[in-house]
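Here the structure is a predicted model, which means the values were calculated and not measured. The residues of the chain are indexed from 1 along the displayed sequence.
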Amino acid sequence: MMSSLFLKLTALSSRRSRILPSSVFHPRFFSGFAEEEQSVNVHSSNTATNPCFIHPTAIVHPNALIGQGVSIGPFCTVSPSAKLGNGCQLHPGSHIFGNTYIGDNCMMMAGAIVGDDYPGCTVIGNNNIIGHHAVIGVKCQDLKYKLEDECFLEIGDNNDIREHTSIHRSSKSTDKTVIGDCNLIMGSCHIAHDCKIGNNNILANNTLLAGHVVVEDYVHTAGATVVHQFCHLGSFSFLGGGSVVSQDVPKYTMVAGERAELRGLNLVGLTRRGFSTAEIRSLKAAYRKIFMRADANAGSFEDRLAEMEQHEELTCVPAVRAMLQSIRNSFVEDRRGICKFRHWNGS
């Protein structure tokens, strides 16, 4: 019985996988495939300069498109419409489903699941690591999603997505979930449908992003951070551990608390990212004028923000202008406003 099953698996895994012209692939992610259509036996070292390896117990559909030097370990599965770039590695028990496009030199650790059989697709760039038992590109958890609708996920290059993380596709065909480049997404994070994540962000363990959250660049969340749907996290901001963020976090700022409040500028992050002493001094001055005015005649928040926008000396600094614009944008229609701030009482 077991020997018969082994022979069937071996026969299936040794079928010829196809390499098609690079024009059928996303130009950013699949430039390394062969120029002309050809068939290649993935177990033959004579048919390619860098041959593939597929373990006899792996189930790889013969219609799957496999690049050169791909390694597929024991008990893996690859769907008929999957496309794997050169040098990809599938560790034991990892699975690729549905219309999934994976670029060069990506690694799926043991138990990772990428893609789904629902309409739409998952596109992953080059040099990404998908951690143990991570679930990437599956159906969203939005009850408004209709099974016949296409849904999409796009992930860039050089991302490290750690164990037990879940990233969902979009909730509708007119949108998509997007992850940029060079992000570190630590263990057990969740990125829900239609989120937009920029570049060079660090999401610490158990960071949970609800649907439609926007994370700009160089954002750092500490562990167990929760972000409400439709919130925006500005570039170079920091979210303290255990924070519950229900409104926008302006650029360059730091928030913390069970209902997150502004706690000042992210000075450590700004210093590490190379902001000059003069830039940080100007940001401090602008922050104090907006959020820490002890003068009884300082006026309302809107008055202070408007006054700051007219301050010629400080607004000539690009970082200050960017922070002011980030705050102003949070109050346009359909945005949630900014996190509460502690009122300065002069004591």
Side-chain angles (χ1 to χ4, degrees), residues 26 28-29 101 103 114-116 120-126 128 130 134-142 144-145 149-162 165-186 189-204 207-221 225-239 243 245-253 255 260 269 322-323 325-339:
H26 191 292
R28 178 183 180 190
F29 300 147
Y101 310 85
V114 180
D116 209 333
C121 66
T122 297
V123 178
I124 298 179
N126 302 319
N128 293 291
I130 310 298
V135 180
I136 310 299
V138 298
K139 184 185 73 168
C140 69
Q141 296 175 151
D142 188 343
K144 297 187 296 297
Y145 171 70
D149 285 350
E150 291 185 318
C151 49
F152 304 97
L153 167 65
E154 180 178 312
I155 297 178
D157 302 331
N158 303 303
N159 295 289
D160 189 357
I161 301 171
R162 297 301 300 268
T165 288
S166 59
I167 303 176
H168 291 172
R169 290 196 207 171
S170 62
S171 61
K172 51 190 176 182
S173 58
T174 56
D175 207 342
K176 59 184 176 181
T177 305
V178 177
I179 313 291
D181 302 331
C182 303
N183 296 290
L184 171 57
I185 302 172
M186 298 187 191
C189 289
H190 173 64
I191 299 175
H193 59 88
D194 308 295
C195 284
K196 305 292 186 293
I197 312 298
N199 307 317
N200 301 291
N201 298 295
I202 299 175
L203 307 184
T207 292
L208 308 178
L209 305 184
H212 304 277
V213 168
V214 175
V215 180
E216 296 182 0
D217 301 329
Y218 294 101
V219 174
H220 190 171
T221 71
T225 299
V226 179
V227 183
H228 191 282
Q229 61 187 6
F230 293 101
C231 285
H232 287 229
L233 309 182
S235 297
F236 303 97
S237 60
F238 179 84
L239 284 61
S243 298
V245 179
S246 57
Q247 293 178 286
D248 292 358
V249 179
K251 285 184 177 182
Y252 314 123
T253 62
V255 300
M323 183 176 72
Q325 189 62 54
S326 176
I327 296 170
R328 180 63 72 185
N329 290 344
S330 294
F331 292 96
V332 300
E333 187 178 2
D334 298 328
R335 293 282 292 271
R336 298 186 58 80
I338 64 171
C339 289

Practice task
Answer yes or no: is there a donor N or O on one side and an acceptor on the other, between the side chain of Asn201 and the main chain of Val219, under 3.5 Å?
Solution key: yes

Problem - Closest non-hydrogen atom pair, Val245 against Cys339 - result: CG1-SG, 4.1 Å

Handout entry: Partners passing salt bridge (charged side-chain N to carboxylate O under 4.0 Å, His left out) against Asp175 (at least two apart in sequence or in another chain)
Key = Lys196

Practice task
Taking atom types as modelled, find out whether Asp181 and Asn158 have a side-chain donor-acceptor pair closer than 3.5 angstrom.
Solution key: no

Practice task
Keeping the roles fixed (side chain from Thr221, backbone from Ala204), state whether a donor-acceptor pair exists under 3.5 Å.
Solution key: yes

Practice task
Output yes when a side-chain donor or acceptor of Asp248 lies under 3.5 Å from a complementary backbone atom of Ile327, and no otherwise.
Solution key: no

Problem - Closest non-hydrogen atom pair, Cys151 against Ser170 - result: CB-O, 3.1 Å

Exercise for the section: Identify the heavy atoms of His228 and Val213 that sit nearest to each other, and give their distance. Expected result: O-CG2, 3.3 Å

Practice task
Look at the rings of Tyr218 and Phe236 and say which category their plane angle falls in: under 30° parallel, 30 to 60° tilted, over 60° perpendicular.
Solution key: parallel

Fill in the blank from the handout: Taking every heavy atom of Pro250 against every heavy atom of Ser237, the minimum-distance pair comes out as O-CB, 3.9 Å

Handout entry: Residue pair Ala192 / Ala210: nearest heavy atoms and the distance that separates them
Key = CB-C, 3.6 Å

Problem - Backbone N/O of Arg336 and side chain of Gln247: donor-acceptor pair under 3.5 Å - result: yes

Handout entry: Identified side chain to side chain contact (heavy atoms under 4.5 Å, CB included) partner of Met186 from the options Ile202, Ile161, Leu203, Thr207
Key = Ile202

Handout entry: Any donor-acceptor N/O pair, Ser326 side chain to Gly234 backbone, under 3.5 Å
Key = no

Exercise for the section: Of all the heavy-atom pairs spanning Ser171 and Tyr145, show the shortest one and how long it is. Expected result: O-CD1, 3.4 Å

Practice task
Check the angle between the aromatic planes of Phe230 and His212 and answer parallel, tilted or perpendicular using the 30° and 60° thresholds.
Solution key: parallel

Handout entry: Side chains of Asn200 and Asp217, donor plus acceptor under 3.5 Å
Key = no

Handout entry: Ser235 and Glu216 side chains, donor-acceptor separation under 3.5 Å
Key = yes

Problem - For Ile197, the option from Leu209, Ile185, Val178 that meets side chain to side chain contact (heavy atoms under 4.5 Å, CB included) - result: Leu209

Handout entry: Heavy-atom donor-acceptor pair, Arg169 side chain to Lys139 backbone, under 3.5 Å
Key = no

Practice task
Would you check if the side chain of Ser330 reaches a backbone N or O of Gly337 as a donor-acceptor pair within less than 3.5 Å?
Solution key: no

Practice task
Please identify each residue that fulfils side chain to side chain donor-acceptor pair (under 3.5 Å) with Asp149, with sequence neighbours left out.
Solution key: none

Practice task
Indicate yes or no: at least one non-hydrogen side-chain atom of His190 is less than 4.5 angstrom from one of Gln141.
Solution key: yes

